[in-house]
Amino acid sequence: MGLLILKAIKWIFIILLLLVLVILGLIFLLLISAISYQAKGSYIEKIPDVQGRVSYLFGLVKCGFSYQEQFLLKVKILGIPVYGFPKKEKRTKKEKSVSKDAPIDLKEAEIKKDEEIVYADRDEKKSGLDSIVEDTTDTISISKKTVEKNPNNGLTVEKKTLDEKTVEDTVTKDTARKKKIKTKKEKKTTEQKGFSLETLQSWKAFFTNPKIKRALADCKEKIFRALKAILPKKWSVLAKFGFADPSITGKIMAGLGILYPVIGNHIVAIPFFEEEILEIEGELKGKIRPIYFLWQILLLILNKDVRYLIKAAKKQLG
């Protein structure tokens with residue numbers, strides 16, 4: 001019996017180890033596999049046309065989208081369609097049963113609809129008359145209550161109605177609220193005025209600290225590296241443009257000339273000084289690797305200066 005129990009424990013341990021290895025392998029695959037994306041677009045004759053595709057896990061998961069008067073989206077896993085937008089409308093059982101049954105006489109349906117409309121109009125008229133009668137009776141009763149005879153002079157004296165009392169109550173409440181808001185604002189302004197110099201000095205000392213300076217520089221470097229990894233490696237744009245005022249086209253060409261060190265040969269601009277035109281065509285391709293982002297985050301967490309920055313920022317804000 002003891003040997004059998006030991007063997008069972010051994011096999012359970014082996015199975016658990018295999019499961020852990022499989023899970024770790026899947027996580028490793030998810031991190032290593034790149035998210036590749038590509039897109040094409042054009043804007044010709046004031047009609048936008050965009051098409052794109054995103055693939056993941058070596059093409060096992062694919063997502064395609066397009067926009068031309070309507071946005072379309074399709075998701076496939078192992079070549080099997082899983083999600084689509086807009087979704088296809090499914091016919092209900094009632095609609096199918098109606099279509100299978102014998103055709104309905106249109107004349108009878110129209111007569112029934114007309115009868116329903118007539119009855120509805122009558123009911124609406126009756127309800128409207130009843131509401132008018134009720135309103136008039138209410139107003140008469142209120143007017144009787146508001147006007148009473150004075151026993152001393154015999155003259156009529158108007159008393160305050162319920163509506164006037166409610167108006168007075170709301171006015172008093174609004175004034176009280178406004179006073180409270182003013183006092184709160186005044187308190188905040190006094191606190192801010194008394195606390196502004198100290199906060200400025202503390203923040204100045206915070207940013208002049210050499211450890212915090214090094215941490216911010218490191219964070220800046222890692223963020224720029226992450227952005228470079230996200231941005232497309234291949235992209236190109238062909239633009240034909242011209243405006244009613246030729247000076248605008250000239251200014252745009254001058255701006256593109258200034259940005260040439262950044263843009264390079266990716267953008268080809270063709271100006272039209274005598275025509276009013278705007279046509280754009282472009283495409284881009286790129287890859288995103290999740291493991292690269294995790295690596296950059298780990299480097300930041302392991303950095304002593306960054307940890308000191310987080311602690312100091314908590315103290316400063318808290």
Side-chain angles (χ1 to χ4, degrees), residues 20-21 23-39 52 54-58 61 63 177-237 251-252 254-267 282 284-318:
V20 169
L21 287 168
I23 290 159
L24 288 169
L26 285 168
I27 292 162
F28 187 69
L29 273 171
L30 288 167
L31 293 170
I32 281 175
S33 61
I35 301 163
S36 60
Y37 61 90
Q38 57 181 8
V54 180
S55 62
Y56 185 48
L57 284 171
F58 308 102
V61 180
C63 175
R177 282 176 188 171
K178 284 176 182 178
K179 283 179 182 178
K180 284 180 182 178
I181 290 159
K182 282 180 181 178
T183 52
K184 283 179 182 179
K185 282 181 179 179
E186 284 173 0
K187 283 179 182 178
K188 283 181 181 179
T189 50
T190 52
E191 285 175 1
Q192 284 173 1
K193 283 176 183 177
F195 198 64
S196 61
L197 292 168
E198 290 177 4
T199 50
L200 284 168
Q201 286 173 0
S202 62
W203 280 111
K204 191 179 179 182
F206 178 78
F207 284 111
T208 52
N209 193 337
K211 283 185 178 180
I212 287 163
K213 278 183 177 180
R214 280 190 301 238
L216 289 168
D218 198 9
C219 289
K220 186 182 174 182
E221 187 185 349
K222 297 291 187 291
I223 288 160
F224 275 107
R225 281 182 183 178
L227 286 170
K228 279 182 182 179
I230 291 167
L231 290 170
K233 292 180 180 179
K234 293 180 181 179
W235 63 281
S236 61
V237 177
K251 285 175 183 177
I252 290 164
L256 291 169
I258 293 161
L259 294 169
Y260 184 78
V262 179
I263 294 161
N265 295 319
H266 295 291
I267 294 174
L284 57 90
K285 287 181 183 180
K287 286 183 180 181
I288 301 166
R289 295 187 186 277
I291 197 165
Y292 185 77
F293 292 99
L294 271 176
W295 180 246
Q296 297 298 323
I297 291 160
L298 276 169
L299 288 171
L300 284 171
I301 291 162
L302 294 168
N303 194 342
K304 290 179 182 179
D305 295 330
V306 173
R307 281 184 282 174
Y308 178 79
L309 170 66
I310 292 159
K311 287 178 183 178
K314 281 179 181 178
K315 284 180 183 178
Q316 189 72 22
L317 294 167

Inset, instruction - Have a look at Phe28 and tell me which of Leu31, Ile32, Leu26 forms a side chain to side chain contact (heavy atoms under 4.5 Å, CB included) with it. - result: Ile32

Inset, instruction - Indicate yes or no: does Asp218 engage Arg214 in a salt bridge with an N to O separation below 4.0 Å. - result: no

Legend entry - Residue pairs involving residues 204-227 (criterion ring-ring contact (aromatic ring centres under 6.0 Å, His included); sequence neighbours excluded): Trp203-Phe206, Trp203-Phe207

Inset, instruction - Can you see which heavy atom on Leu57 is nearest to which on Leu30, and at what distance? - result: CD2-CD2, 3.9 Å

Inset, instruction - Just grab all the salt bridge (Lys or Arg N to Asp or Glu O under 4.0 Å) pairs involving residues 227-236, residues at least two apart or on different chains. - result: none

Legend entry - side chain to side chain donor-acceptor pair (under 3.5 Å) partners of Ser33, counting only residues at least two apart: none

Inset, instruction - Determine the minimum heavy-atom distance between Pro232 and Leu284, stating which atoms define it. - result: CB-CB, 4.2 Å

Inset, instruction - Check Ile288 against Pro290 and note the closest heavy-atom contact, atom names and distance. - result: O-CD, 3.6 Å

Legend entry - Arg225: salt bridge (Lys or Arg N to Asp or Glu O under 4.0 Å) partners, not counting sequence neighbours: Glu221

Legend entry - Nearest non-hydrogen partners of Val306 and Cys219, listed with the distance: CG2-SG, 4.2 Å

Inset, instruction - Provide the closest heavy-atom pair for Ser202 versus Gln316 in the form atom of the first, atom of the second, distance. - result: OG-NE2, 2.8 Å

Donor-acceptor pairs under 3.5 Å, side chain of residues 292-301 to any protein atom, not counting sequence neighbours: which ones?
{"from": "Tyr292", "atom 1": "OH", "to": "Gln296", "atom 2": "NE2", "distance (Å)": "3.4"}

Inset, instruction - Applying salt bridge (Lys or Arg N to Asp or Glu O under 4.0 Å), name anything that partners Arg307, two or more places apart in sequence or on another chain. - result: none

